[in-house]
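Everything below concerns the one structure shown next.
Protein chains get the first letters and strands the later ones, always in sequence-line order, with residue 1 at the start of each.
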Amino acid sequence: MTSPQLSATFARQFPNGPEIAVDDLRLGGGVTVLFGASGSGKTTLLRCLAGLERPDRGRILMGETTWFDGARKLWLPARARDVGFVPQDYALFPHLTVARNVAYGLSGLSALERTARVTEALRWLGLEGLEQRRPAELSGGQQQRVALARATVRRPQWLLLDEPFAALDTPTRLRLRGELRQYLRQLAIPTVLVTHDRFEALALGDSVVVLHAGHNVQHGAGHEVFSRPVNLAVAEVTAVETIQPGRVGEIRDGLATVTVGARPLSALAVAGLVPGGDVYVCIRAEDVVLTRAGAEPASARNRLPVTVRSLAPEGPQVRVTLAGDFPLTALLTRSACDELALRPGDTLIALIKTPQVHLIPFTR
Amino acid sequence: MSSAEWQLVGFSLRMALASLLLVLPPGLALAWWLAKFNWPGKTILETLVTLPLVLPPVVTGLVLLELFGRHGPIGGWLHHTLGLDVVFTWRAVVLALAAMSLPLLVRAARTAFEEVDGKYEQLARTLGAGEWRVFFTITLPLARRGILAGILLAFARSLGEFGATIMVAGNIPGQTMTLPLAIYQAVQADDDTHAWLLAGISALIAFAAVFTSEKLLGRRK
């Protein structure tokens, strides 16, 4: 199934709020994650696509169909867009049973077909037996799945999910993340999913669009976006743990030497790099490997003597704050941490592979 | 209770019910319109709708008398084209009760509509529902308790209406005489026993209606 491309260039200004200005956003098949901090305009963008919010100007096209055209005063209302929408709190109709919630969008079908579709959708999502329940009698995870069933049972052209896990507790969230991924794969309906969680974005998105202050600033594969941000704003939105100013030295064979503090680092050269130019050096915490001196493998080109400042457990991982030629953050599994018997004050070697040192030239 | 008293109670209930049916469609439409949209001059309409609540009922009755009298703009038209007379008939009773209960119904229903979270209506639209379907399957069912409470309040108000009714319908036994009018008549005739009996019946019905209305509103919280 080839899905029509969704392309959008539009702006929406709120009286006392920020402006949302999307420039040439193109969404194809698969799952596209809209990633950004709260207030970056993710939800507004999604509501504009759903037809619940009308932009001030610009255009939104879905394949050959015009959803919005400010200049021609065209506006396709939500009910005509054939889009499945799941808001953050699901908005299940509180006065209707699960079965009637799911069947709400099937009013054009015969009663027989309707029942068949509802039954199928509930089975897919493991909701059998809950047909006659009211939304208030369901757990958060069940509510999320009913909302998904209601949005997808019509087989819409696009699926729009606003922070589908925001209303769930952490264990449920982790369990359902895998289920949602599988469900979206099976459905093969092009999907836009809003989140501010990096791991959710990486787990669910075929591609990631980063929103910053209402603008779409980067669009690419998840790993690409999170480890190679195009500018400082993206690096900050995606919470790159270490961002340090540096100066470019030699550039040769696609590699660049850059000095941070007094320490030369080897990195991949990027467009716009000039010898002697200023850059931001970005290093993701999970790309920093710690070893005891003398035990390091030979593959990593960058070796930095560091001292452990503090250890902060984060679920199954430990965030290690390090001091050396420049401040550095590493993210280790708890077992790796135990193996090294890390203590504040320990001196270690931090290893960082060349491709994992990402450079952003100052001018961009 | 004598059969005449039963008849009086029956007539009063029928009149209140008829006025409710008359007021319900335009009242709900108006309430919905006031709850969901803003337009210039909205406050003027809101004020006009609420006016019968605070105006002396006799004044409301006087206005109705002017409008619906045989020489009035509406009453004249009804008389000439449909041969219908309103003033000093049971129709005038229904009209007076409707005018007096409309504000209560509209105010209650408006609040009920406003309390329906717009997110449900928006979601229904993304599922392909048009505005009529959204209203009848989402807005109205979610607002039903508040509306029902308003209906009961309007009904109770109708049963107690005196001033507007006597202006526009008179006090004709068996034709336009409702419970409050009969109580007034009984007191005028020095028949205190009768007056107190009717007063007791009025109080009982009013209590039941308001009690149910409060129950409905309380359960929603």
Is any side-chain heavy atom of B/Ile138 less than 4.5 Å from a side-chain heavy atom of A/Tyr104?
yes
Check: B/Leu123 and A/Arg150 side chains under 4.5 Å, non-hydrogen atoms:
yes
In terms of heavy-atom pairs under 4.5 Å, which option from A/Pro156, A/Pro94, A/Gly108 contacts chain B the most?
A/Pro94
Atom group of A/Asp89 that falls short of 4.5 Å from chain B, counting heavy atoms
side chain
Pair count under 4.5 Å, heavy atoms only, with chain A: among B/Val134, B/Thr137, B/Asp117, highest is B/Thr137
Comparing A/Val86, A/Leu92, A/Leu160 against chain B, the one with the most heavy-atom pairs below 4.5 Å turns out to be A/Leu92
What one should report as the nearest heavy-atom pair of A/Ser107 and B/Arg133 is OG-NH1, 3.5 Å
Evaluate the side-chain proximity of B/Arg125 to A/Phe85: yes if any heavy-atom separation is below 4.5 Å, no if none is.
no
Heavy-atom side-chain contact between A/Pro87 and B/Lys119 under 4.5 Å
no
Whatever's closer than 4.5 Å to a heavy atom in chain A on B/Arg144 counts as side chain
Would you find more than 12 non-hydrogen atoms of other residues, nucleotides or ligands less than 6.0 Å from A/Arg177 atom CZ?
yes
Minimal heavy-atom distance between A/Phe93 and B/Tyr120, with the atoms involved, is CE2-O, 3.3 Å
Distance, nearest 0.5 Å, that separates CZ of A/Arg47 from OG1 of B/Thr126
10.5 Å
Around atom CZ of B/Phe207, are there more than 12 heavy atoms from other residues, nucleotides or ligands closer than 6.0 Å?
no
Shortest non-hydrogen contact from A/Arg79 toward B/Gly130:
CD-CA, 3.8 Å
For A/Arg154, which atoms come within 4.5 Å of any heavy atom of chain B: side chain, backbone, both, or neither?
side chain
